[in-house]
2 protein chains.
Amino acid sequence: MPHLQELVAQFREHGYKMTPQRRAIIEVIAGCTALHPTAEQIHDRVTVRMPDISRATVYNTLRELVATGQIFELSLGLGMRHYELSHDEHAHLVCVKCGEIRDVPGDLGRVAMLFHQDDGFRSIRHEVTISGYCAACDPARS
Amino acid sequence: MPHLQELVAQFREHGYKMTPQRRAIIEVIAGCTALHPTAEQIHDRVTVRMPDISRATVYNTLRELVATGQIFELSLGLGMRHYELSHDEHAHLVCVKCGEIRDVPGDLGRVAMLFHQDDGFRSIRHEVTISGYCAACDPARS
DNA sequence: CTCACTGCAAACTATTTGCATCGTA
DNA sequence: TACGATGCAAATAGTTTGCAGTGAG
């Protein structure tokens with residue numbers, strides 16, 4: 001459960017009010033470090049302790065957490081968005097069969113340099129997604 | 001209109017029948033090299049010359065062209081999928097304000113090396129997406 | 001002449017929105 | 001107490017599916 005107080009404080013500093021719902025959502029995300037949950041998965045988990053929370057509140061809070069830069073939104077080609085706490089730079093391995101998502105640490109700054117252009121485009125974020133088959137799903141394996 | 005005959009031939013070689021609808025879809029994609037069209041945009045363009053074509057046919061054909069490796073499906077964080085002819089390796093610059101998508105040539109093999117893991121994951125494809133503001137949309141510009 | 005392909009319409013999934021009510025600061 | 005946040009339900013957007021009819025090989 002890393003940085004929980006810090007996440008709550010940061011969120012407040014951006015001018016948002018802290019409500020039980022938002023706190024619960026932040027707690028769930030903070031407790032999911034390796035899971036890249038979807039909005040639906042976050043909603044399910046929060047619902048266990050807070051049965052009346054609405055999807056709208058989850059989506060709203062996720063949008064706000066993205067706006068503050070506290071979480072990242074991932075488009076991994078799986079048809080829905082995944083979320084993760086902002087942390088050290090890494091790429092994502094995505095199994096196209098089972099949907100498993102794994103972090104691979106690495107230097108995104110290096111990637112930025114490989115593709116840099118001097119044309120006024122100001123980049124905010126680099127996303128590196130490597131699609132393929134995980135060992136368990138690889139059809140080419142004996 | 002590059003490689004049209006080749007695309008049609010390749011598609012046939014994979015065992016698919018060539019129909020007027022599929023040919024029209026392939027023609028539209030081949031005529032869109034710099035546009036990264038969505039399924040909807042492709043449907044609109046085909047509809048001009050073939051008013052009764054259905055969305056289902058467009059989506060089916062796109063899935064098949066992805067399966068043959070002739071086109072790539074891009075998840076750029078804009079809420080829908082974009083398609084492009086498979087060609088030289090490049091990353092994508094995406095303006096988060098206006099949605100403009102631009103190709104940046106570069107060596108994806110280099111990226112693969114930066115993030116390679118020896119754990120049985122077999123990668124099929126690398127996608128590098130750089131989100132930010134294009135010169136025209138940058139709010140930090142004077 | 002057969003089986004893959006098509007159009008249609010409905011279903012589905014993920015996400016967004018409008019609005020009356022509620023509760024944090 | 002004021003205004004931002006919530007829950008609900010309906011709306012929207014993108015995509016998928018089932019099926020009866022059609023046409024490419």
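To find a chain, count down the sequence lines: A is the first, B the second, and so on, and within it residues start at 1. The shown structure was predicted, so the numbers you read here are calculated from the model rather than taken from an experiment.
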> How bent is the helix from C/dC1-D/dG25 to C/dA25-D/dT1, measuring the angle between the end axes built from five pairs each, rounded to 10°?
40°
> Rounded to the Å, how far apart are B/Tyr59 OH and C/dT13 P?
16 Å
> Tell me: NE2 of B/His43 to P of C/dT6, nearest whole Å?
12 Å
> Checking A/Tyr83 against A/Ile29 for the side-chain contact (heavy atoms from CB on, under 4.5 Å) test, could you report, in this order, the C-alpha distance in whole Å, the side-chain angles of both residues, the deciding distance, and whether it holds?
CA-CA 8 Å; A/Tyr83 297 87; A/Ile29 295 171; 5.6 Å; no
> Going by the side-chain hydrogen bond (donor to acceptor under 3.5 Å, both in side chains) test, which pairs reach into residues 42-51 of chain B, not counting sequence neighbours?
none
> Look only at the side chain of A/Glu127 and the backbone of A/Ser75, and say whether a donor-acceptor pair between them is shorter than 3.5 Å.
yes
> Excluding sequence neighbours, so at least two apart, what forms ring-ring contact (aromatic ring centres under 6.0 Å, His included) with B/His90?
B/His87, B/His92
> Other hydrophobic cluster members with A/Ile130, side-chain heavy atoms of Ile/Leu/Val/Met/Phe/Trp/Tyr under 4.5 Å, chained?
A/Leu93, A/Val104, A/Leu108, A/Val111, A/Leu114, A/Phe115, A/Phe121, A/Val128, B/Leu93, B/Val104, B/Leu108, B/Val111, B/Leu114, B/Phe115, B/Phe121, B/Val128, B/Ile130
> May I ask you to evaluate whether B/Arg55 reaches the phosphate of C/dT6, defined as a side-chain N or O under 4.0 Å from OP1 or OP2?
no
> Taking B/His36's backbone N and O only, do any of them form a donor-acceptor pair with B/His82's side chain (distance below 3.5 Å, no angle check)?
yes
> Tell me, please, which residues at least two apart from A/Glu40 pass side-chain hydrogen bond (donor to acceptor under 3.5 Å, both in side chains).
A/Arg55
> Can you tell me how far C1' of C/dA14 sits from CG of A/Asp44, to the nearest Å?
13 Å
> Protein-nucleotides 7-11 of chain C N/O pairs closer than 3.5 Å?
residue: C/dG7; atom: OP1; partner: B/Gln21; partner atom: NE2; Å: 3.3
residue: C/dG7; atom: OP1; partner: B/Asp52; partner atom: O; Å: 3.4
residue: C/dG7; atom: OP2; partner: B/Ser54; partner atom: N; Å: 3.2
residue: C/dG7; atom: OP2; partner: B/Ser54; partner atom: OG; Å: 3.4
residue: C/dG7; atom: OP2; partner: B/Thr57; partner atom: OG1; Å: 2.5

> Specify the separation, in whole Å, of atom CG of A/Leu78 and atom P of C/dT15.
12 Å
> First and last nucleotide of DNA chain D touching chain A, 5' to 3', heavy-atom cut-off 4.0 Å?
D/dC3 to D/dC8
> Can you list everything that forms a side-chain hydrogen bond (donor to acceptor under 3.5 Å, both in side chains) with B/Ser86? Sequence neighbours excluded, please.
none
> Please give the remaining members of the hydrophobic cluster of B/Met113, linking ILVMFWY side chains under 4.5 Å, ordered by chain and number.
none
> B/His126: which residues meet the ring-ring contact (aromatic ring centres under 6.0 Å, His included) condition with it, sequence neighbours left out?
none
> Write down the distance between CD (B/Glu64) and C1' (C/dC5), rounded to a whole number of angstrom.
9 Å
> Once ring-ring contact (aromatic ring centres under 6.0 Å, His included) is applied, do any residues pair with A/Tyr59, and if so which ones, sequence neighbours excluded?
none
> Please evaluate residues A/His3 and A/Gln10 with respect to the criterion side-chain contact (heavy atoms from CB on, under 4.5 Å), reporting the C-alpha separation (whole Å), side-chain torsions for both, the decisive distance (0.1 Å), and the verdict.
CA-CA 10 Å; A/His3 317 110; A/Gln10 273 185 293; over 6 Å; no
> Starting at the 5' end of nucleotides 19-25 of chain C, put B wherever the base has a protein heavy atom under 4.0 Å, S where only the sugar-phosphate does, and a dash everywhere else.
----BBS
> Looking only at atom types and distance, does a side-chain atom of A/Arg22 sit under 3.5 Å from a main-chain N or O of A/Lys17, one as donor and one as acceptor?
yes
